[in-house]
There are 2 protein chains.
Amino acid sequence: MKEGPDIALIGSLIGDPARANMLTALMGGRALTATELATHAGITLQTASSHLAKLEAGGLLTQRKQGRHRYYALSEDEVGLMLESIMGFAASRGLTRHRPGPKDPALRKARVCYNHLAGDYGVRMLDSLVAARQIEMTGDDLVLTDAGQARVEALGIDYAALKKLRRPICRTCLDWSERRSHLAGSLGEAFLTLFIDKGWARREQNSRAIRFTDTGEKAFSELFPQY
Amino acid sequence: MKEGPDIALIGSLIGDPARANMLTALMGGRALTATELATHAGITLQTASSHLAKLEAGGLLTQRKQGRHRYYALSEDEVGLMLESIMGFAASRGLTRHRPGPKDPALRKARVCYNHLAGDYGVRMLDSLVAARQIEMTGDDLVLTDAGQARVEALGIDYAALKKLRRPICRTCLDWSERRSHLAGSLGEAFLTLFIDKGWARREQNSRAIRFTDTGEKAFSELFPQY
DNA sequence: CGAATGCTTCGATTATGGTCGAAGTATGAA
DNA sequence: TTCATACTTCGACCATAATCGAAGCATTCG
């Protein structure tokens, strides 16, 4: 007669208002930091940390460590579907909810992320490289293909030198504004350096923004077309 | 920034182990009494009553008063779908659950329910009448059609006499074993009386069981074919 | 190397709510 | 009417867990 406690566990995870707000925020499909999620839930960072640990232990969330940030996202499509069905039923009996507002618009286009390009341009660059089969992306792992290596060398990047470094050449980095992956690692740094060296882009003062010149814009669009 | 609390409410309802066990038991699609649900949950009747009131207030359950019993069932298809998605996710990370065992086999086939036929035969009878468009069933309301009225009179039931009574002619009654509706009301009583008068069936001693004779079985199958 | 930021862990407080005993209500049976 | 069954309500107890302050760890920046 002993009934399994599993659906109760999932329910109780969703049942706390703070966690429910976090999950709702993550339903947008973008990864969020612990601090952001704490704000969404209206609780302190300590409490949020506890909740996030529970959600992760319950399999609802996955965590990506990114520098001193921790980005949380829904772990599987199934989690989203489950939440959607609950939200659908809940919506059918009352309360509506509103979407969180947009973010700072200035840095969304292009900015430096430690040492590589991030923002819309960063995401577009990686997307384009993957679409052109110059980088293979399986999950979070990036591998430069032979075609990619040739392309990189043709651009004047010293690939052999990159290989000698202990740092990974290709890494994914979760984008602050786009919340999708862009290219990090030594190759990502090399690309940004290239853009700046060529005079296509330059860093803003007292900001992480990257400003592309007109010729830079044009060259970037030719190098990394959008499909 | 105030996020709606609705999915948290639903989650917390599902999140309690006792309530989760009740909901799981109801996922079989059959209505269950408060006492049965208390047993499934492993709690006392008082506690179960409190839980059931909450689940009903949350819109997950509906209640049907039937004599001194209260039958509870999932309120909508959407509830079942929601629970199914949660169970699917929960199952994908661990515990399995087992189905509750079968019930007393003796009375399942046919028995008297106060004054009318219940059990498998009772359910089959109503199903057949509805399928033949002699009774229209909208929700819990039953209406005898013109064709149904003619059929009833052809069988020798005094429909005019039934109409004079204050009792409702057609009523649904939730079946103890089948947990689906069968025909109650004065017409239900008239049918059972007819079966007994014709010698097709008789009541068992000290039991609520109804035993059909061979000719009764045959006549019943002809009168109420299964589609 | 500090200093600052992002997050976790620990510990204590507090409150929500699950639980059951006892008593009360409603329905059916005798 | 009286008794039995099915269920609800009330009240009190108790355990779980949500919360936050303070301290600790990890990472980046200057």
Side-chain angles (χ1 to χ4, degrees), chain A residues 5 8-9 11-22 31-58 61 63-72 111-116 118 167 171 173-174 176 184 189 203 205-208, chain B residues 5 8-9 11-22 31-58 61 63-72 112-116 118 173-174 176 184 206-208:
Chain A
L9 188 124
S12 67
L13 285 174
I14 303 170
D16 180 77
R19 285 192 291 261
N21 284 332
M22 292 175 165
L32 297 170
T33 67
T35 305
E36 286 169 321
L37 289 168
T39 305
H40 274 99
I43 53 180
T44 62
L45 187 55
Q46 305 96 291
T47 308
S49 179
S50 159
H51 284 311
L52 290 169
K54 287 173 186 173
L55 287 170
E56 196 182 2
L61 260 47
Q63 193 198 49
R64 275 186 71 180
K65 220 172 163 181
Q66 188 87 16
R68 43 186 175 184
H69 295 274
R70 297 213 179 170
Y71 283 92
Y72 288 90
R111 66 179 179 281
V112 65
C113 179
Y114 305 129
N115 52 23
H116 55 268
R167 297 171 53 197
R171 273 184 58 203
C173 180
L174 204 51
W176 168 83
E189 185 178 7
R203 301 186 183 221
Q205 295 291 87
N206 297 329
S207 166
R208 303 177 67 174
Chain B
L9 188 122
S12 67
L13 284 175
I14 304 171
D16 179 77
R19 286 193 292 261
N21 284 334
M22 292 175 164
L32 297 170
T33 67
T35 305
E36 287 170 320
L37 289 167
T39 305
H40 273 100
I43 54 180
T44 63
L45 187 55
Q46 306 95 291
T47 307
S49 179
S50 160
H51 285 311
L52 290 169
K54 287 175 186 173
L55 287 171
E56 195 181 3
L61 260 46
Q63 194 196 48
R64 275 185 71 180
K65 220 172 162 180
Q66 186 90 11
R68 45 185 173 185
H69 295 274
R70 298 214 179 168
Y71 283 91
Y72 287 90
V112 64
C113 179
Y114 305 132
N115 52 22
H116 55 268
C173 180
L174 203 51
W176 167 82
N206 297 327
S207 167
R208 302 177 69 175

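Heavy atoms only: backbone and side chains are in, while hydrogens, waters and symmetry mates are out. Proteins get letters first, then strands, A, B, ... in listed order; numbering begins at 1 in each.
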Legend entry - Residues A/H51, A/L61; criterion side-chain contact (heavy atoms from CB on, under 4.5 Å); working and verdict: CA-CA 11 Å; A/H51 284 311; A/L61 260 47; over 6 Å; no
Inset, instruction - Take the protein atom CG of A/L55 and the nucleotide atom C1' of C/dC7, then report the distance between them rounded to whole Å. - result: 16 Å
Inset, instruction - Please report, rounded to the nearest Å, how far the C1' atom of D/dA26 is from the CZ atom of A/R64. - result: 19 Å
Legend entry - Length of the CG-P vector between A/L45 and D/dC20, whole Å: 11 Å
Inset, instruction - Measure from CG on A/N21 to C1' on D/dT19 and round the result to the nearest Å. - result: 15 Å
Inset, instruction - Select one nucleotide: of C/dA4, D/dA4, D/dT8, the one nearest the side-chain heavy atoms of B/R68. - result: D/dA4
Inset, instruction - Grab the CG-P distance between A/L13 and D/dA17 for me, whole Å please. - result: 10 Å
Legend entry - Sidechain-backbone polar pair: B/S50 side chain, B/Q46 backbone, donor-acceptor under 3.5 Å: no
Inset, instruction - Using atom CG of B/L52 as one end and atom P of D/dT9 as the other, report the distance to the nearest whole Å. - result: 11 Å
Legend entry - Heavy-atom pair of closest approach, residues A/L9 and A/S12: O-OG, 2.8 Å
Legend entry - Per-nucleotide protein contact string for nucleotides 16-25 of chain C, where B marks a base within reach and S marks sugar-phosphate only (heavy atoms under 4.0 Å, - for neither): --SSBBB---
Legend entry - Result of checking B/N21, B/L55, B/L32 against B/L37 for side-chain contact (heavy atoms from CB on, under 4.5 Å): B/L32
Inset, instruction - Starting from C1' on C/dG28, measure out to NE2 on B/H69 and report it in whole angstrom. - result: 9 Å
Inset, instruction - Round to the nearest Å and state the distance from B/K65 atom NZ to C/dT27 atom C1'. - result: 8 Å
Inset, instruction - Please check if the side chain of B/R19 supplies one atom and the backbone of A/A8 the other of a donor-acceptor pair under 3.5 Å. - result: no
